[in-house]
Structures are given as C-alpha cells and as structure tokens.
Amino acid sequence: MFDHLDHDAFRTSILDWYGVYRRDLPWRGDPDPYHVLLSEVMLQQTQVHRVIPAYHRFLARFPTLGDLASAPTADVLRAWAGMGYNRRALYLKRAAQAVREGYGGSLPRSVEELERLPGIGRYTSRAVACFAFGVQVAVVDTNVRRLLSGFAGRQLTEKETETLADLLLPSGRAADWNQALMDYGSLVERARPQRSTVPRQRFAESDRFWRGRIVDVLRLHDALSMPLLLAALPEAGRDEARIRSLVRSLHEEGLAEFAEGTDTVTLPT
DNA sequence: GTCCCGAGAT
DNA sequence: ATCTCGGGAC
C-alpha cells in the first residue's frame, strides 16, 4: 500500500535532522518504565515546558510505581495539581494498582498487555514498550500522523498511519526514530498560526470547567460541607443543584465523594 | 490521548 | 464475535 514511497530517503532526512536538533529531556534516555509512563501520560495533555517541573515534583512525591499504587487517591490528585485532566491521574493510580496485582509491580513489556491498563491506549502502550523495553514498534501521535500524511500525499487514518509508521522503522533504531518523528512533527511540520482569537469565553461556563474547579477546592480541604463548597466557588452563583449534580458525577468517576451519606464532600480515599 | 458508545462491516 | 470508524466527553 505504501511501497511506492521512498522510505530510505525519508528516513535519512528525518534522522539527519534529529541528529542536529534533538532535544534532551529529563526522561529521554531514561529507560525506567515508570518514568517513561509518567512522562508520556503527562505529555498527553500538557506541553513539554509545563511537564518538566511537574514530572520532577511528582516523582519526588511518588518515587516508584509501588508508592503510587499504595497512595491515597486524594494525595495523587493533589500531586497532579496544575496538570488538568484529573481523570488521568486517577487512571495512572489505577494502572499502578493493576500492575501491582497483575504483574507483581513491574510494568509488562508487550504493547498488548500495556494497552489493557487503564489510561493507556495505542500511543502510550507503544511509547512505553519502545522507550522502556526497546520493542521495535512505531509511536504515533497527531503530529506524526500529519507528517506521514504529507509524506504519503494524502490524509491518512490513524490505522493507516500506524501501518506506514511501522513499515518505516529503521531496524534497531525504533526509539531514536520515534523521537525524531515526533520532534520533527511538532517543531517543524507545524506552521499553522495558533487560533489566538475568541473561543476562550465559552469554557468558563461549562460543566468541565466547574468540575475542575470543584476538584481544585477539594485539594485544599480534607472535607467541605455543601454550603462551604458553594462559598468557595462564589463565581458559581448559589446554584447548589448544579454543583451537587456535578459532585455526583465526579463521584461516579471516582474523583470525589460524599462522606457517608452526609452532604460533606471530600476527595476519594 | 484515552474512554465509551452506537453503527456498519467482516 | 471482533474490528474499524465517527462523535462527544474529559
């Protein structure tokens, strides 16, 4: 399907570029599976410059996967402060527990097993397998997809991109190649001026926004009655019904709870 | 990015 | 039964 393309020329130019512009990041060249996993999960939602300090802070708080597995969810959510997308911190802790129960505390080495862990999909499973265990598989993110679509001459689906990316892997250099592709895709290929206009307004009224704010407040207190929670969110107006319903949904997802049938809200135990 | 769900295809 | 693909949510 992609045999008409000049693989070697493409490989060479990308690797040459990487040889010159490669960035050295805290987790690069560090094969510790937990470190790789943490960095990749953080990178899923946040830019590199914001991840770096958070990465060190989180690791100082939870040095090993085992520490994370046995830590109270509330502590993990607190250590995640400023990262956004709290659900990922939750998945990360659950993945740590799953690894403890199912693999004796050591992350599995295969893409298939890694992908069964909560919060780990096609991208992260491949990233961990490759960067931590040297498995020769391609890692595909949106930048790589855009880059390879350009190489192929048409818009590729995620599946097609994966096929082509695996086909392009230089033997024995999967890790370098993947880093090179992602770096190139994000640093060079992207020439689009960011949408600096408008759409910022709507978010401030969304459920997603308020759910985040609720968890923010909860991080600062061991327990809060509904009245106090409402008081801590003055901008929300006195819309108790809405806040209560948001807390319920947070509860269903394991991000908050009502202390034994009362109206006192807390972070999960 | 990952998850979840519905829908069409194998 | 298993897989691929939008669509929306976080």
Side-chain angles (χ1 to χ4, degrees), chain A residues 1 25 27 36-48 50-51 54-55 58 68 73 76-77 80-99 107-108 111-132 137-149 154-166 178-179 181-183 185-186 189-190 199-200 202-219 242-243 245-256 267-268:
Chain A
M1 181 181 289
L25 302 170
W27 46 85
V36 173
L37 175 61
L38 178 62
S39 65
E40 291 303 341
V41 170
M42 289 185 151
L43 253 14
Q44 286 173 12
Q45 53 185 341
T46 315
Q47 312 78 324
V48 181
R50 290 185 62 72
V51 166
Y55 171 78
F58 197 90
L68 187 56
T73 299
V76 179
L77 290 172
W80 199 256
M83 292 271 83
Y85 290 84
N86 297 307
R87 185 175 295 184
R88 297 178 197 239
L90 198 56
Y91 286 148
L92 194 54
K93 182 198 157 33
R94 289 178 182 168
Q97 289 178 291
V99 169
L107 278 161
V111 172
E112 296 68 33
E113 292 174 295
L114 286 165
E115 197 171 342
R116 290 191 208 112
L117 297 171
I120 298 183
R122 312 193 116 242
Y123 167 82
T124 308
S125 60
R126 284 165 170 260
V128 173
C130 181
F131 302 143
V137 287
V139 180
V140 176
D141 64 8
T142 62
N143 291 316
V144 171
R145 180 172 171 184
R146 180 155 35 68
L147 176 56
L148 295 190
S149 288
R154 67 183 173 79
Q155 189 64 39
L156 301 177
T157 67
E158 188 179 321
K159 216 47 180 158
E160 291 176 321
T161 306
E162 228 165 59
T163 301
L164 176 55
D166 279 333
N178 286 323
Q179 301 289 196
L181 265 193
M182 291 194 281
D183 271 17
S186 65
E189 192 70 359
R190 165 205 307 189
R200 187 88 211 102
R202 274 261 156 266
F203 181 60
E205 292 150 30
S206 67
D207 282 355
R208 179 182 156 192
F209 170 79
W210 286 111
R211 287 160 52 91
R213 293 286 290 107
I214 291 172
V215 174
D216 285 343
V217 171
L218 258 27
R219 281 200 182 86
R242 182 178 184 189
I243 297 302
S245 125
L246 290 178
V247 170
R248 280 204 199 86
S249 70
L250 283 170
H251 178 204
E252 291 175 48
E253 291 161 41
L255 284 168
L267 282 180

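Predicted model, so just to flag it, every value in this text is computed and none were measured. Lettering follows sequence order; numbering is per chain, from 1.
Between A:Leu114 and A:Ala129 the shortest heavy-atom distance is CD1-N, 3.8 Å. Across all their heavy atoms, A:Gly82 and A:Arg50 have their closest contact at O-NH2, 3.4 Å. Taking each heavy atom of A:Asp166 and A:Ala138 in turn, the nearest pair found is OD1-N, 2.9 Å. Closest approach of A:Gln44 and A:Arg88 over heavy atoms only: OE1-NH1, 2.5 Å.
In this structure, the CG atom of A:Asn86 is 16 Å from the C1' atom of B:dC3, given to the nearest Å. B:dT2 atom C1' lies 10 Å from atom CD of A:Glu115, rounded to whole Å. Computed from coordinates, the A:Arg126 CZ to B:dT2 P distance equals 11 Å when rounded to whole Å. Atom CG in A:Leu250 sits roughly 10 Å away from atom P in C:dC10 (whole-Å rounding). Here B:dT2 presents its P atom at 10 Å from CZ of A:Arg122, a figure rounded to the nearest Å. Following rounding to the nearest Å, A:Tyr123 (OH) and B:dT2 (C1') show an atom-to-atom distance of 13 Å. In this structure, A:Glu253 places its CD atom 18 Å from P of B:dT2, rounding to the nearest Å. For the pair A:Lys159 NZ and C:dG6 P, the computed distance is 13 Å after rounding to whole Å.
Comparing A:Arg87 and A:Thr157, the nucleotide of DNA chain C nearest to each residue sits closer to the 5' end for A:Thr157.
Residue A:Leu117 is classed as a sugar-phosphate contact, given heavy-atom separations below 4.0 Å to backbone atoms only. A:Arg88 comes within 4.0 angstrom of a nucleotide base, judged by non-hydrogen atoms across all strands. Among the protein residues, A:Leu43 comes within range of no part of the nucleic acid, since none of its heavy atoms lies under 4.0 Å from any strand.
In this structure, A:Leu148 CG and A:Glu160 CD are separated by 11.5 Å, a value rounded to the nearest 0.5 Å.
Side-chain contact between A:Phe58 and A:Val41 is absent, with no heavy-atom pair separated by less than 4.5 Å.
Of all nucleotides listed (C:dC10, B:dT2, C:dC5), B:dT2 comes nearest to the side chain of A:Thr124. Considering only side-chain atoms of A:Tyr91, the nucleotide from C:dC10, B:dC3, B:dT2 that sits closest is B:dC3. The side chain of A:Arg208 approaches C:dC10 more closely than any other nucleotide in the set B:dT2, C:dC10, C:dT4.
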Could you write out each protein N or O paired with an N or O of nucleotides 7-10 of chain B at a distance under 3.5 Å?
none

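Exactly one of A:Val139, A:Val144, A:Val128 qualifies for a side chain to side chain contact (heavy atoms under 4.5 Å, CB included) with A:Tyr123. That residue is A:Val139.
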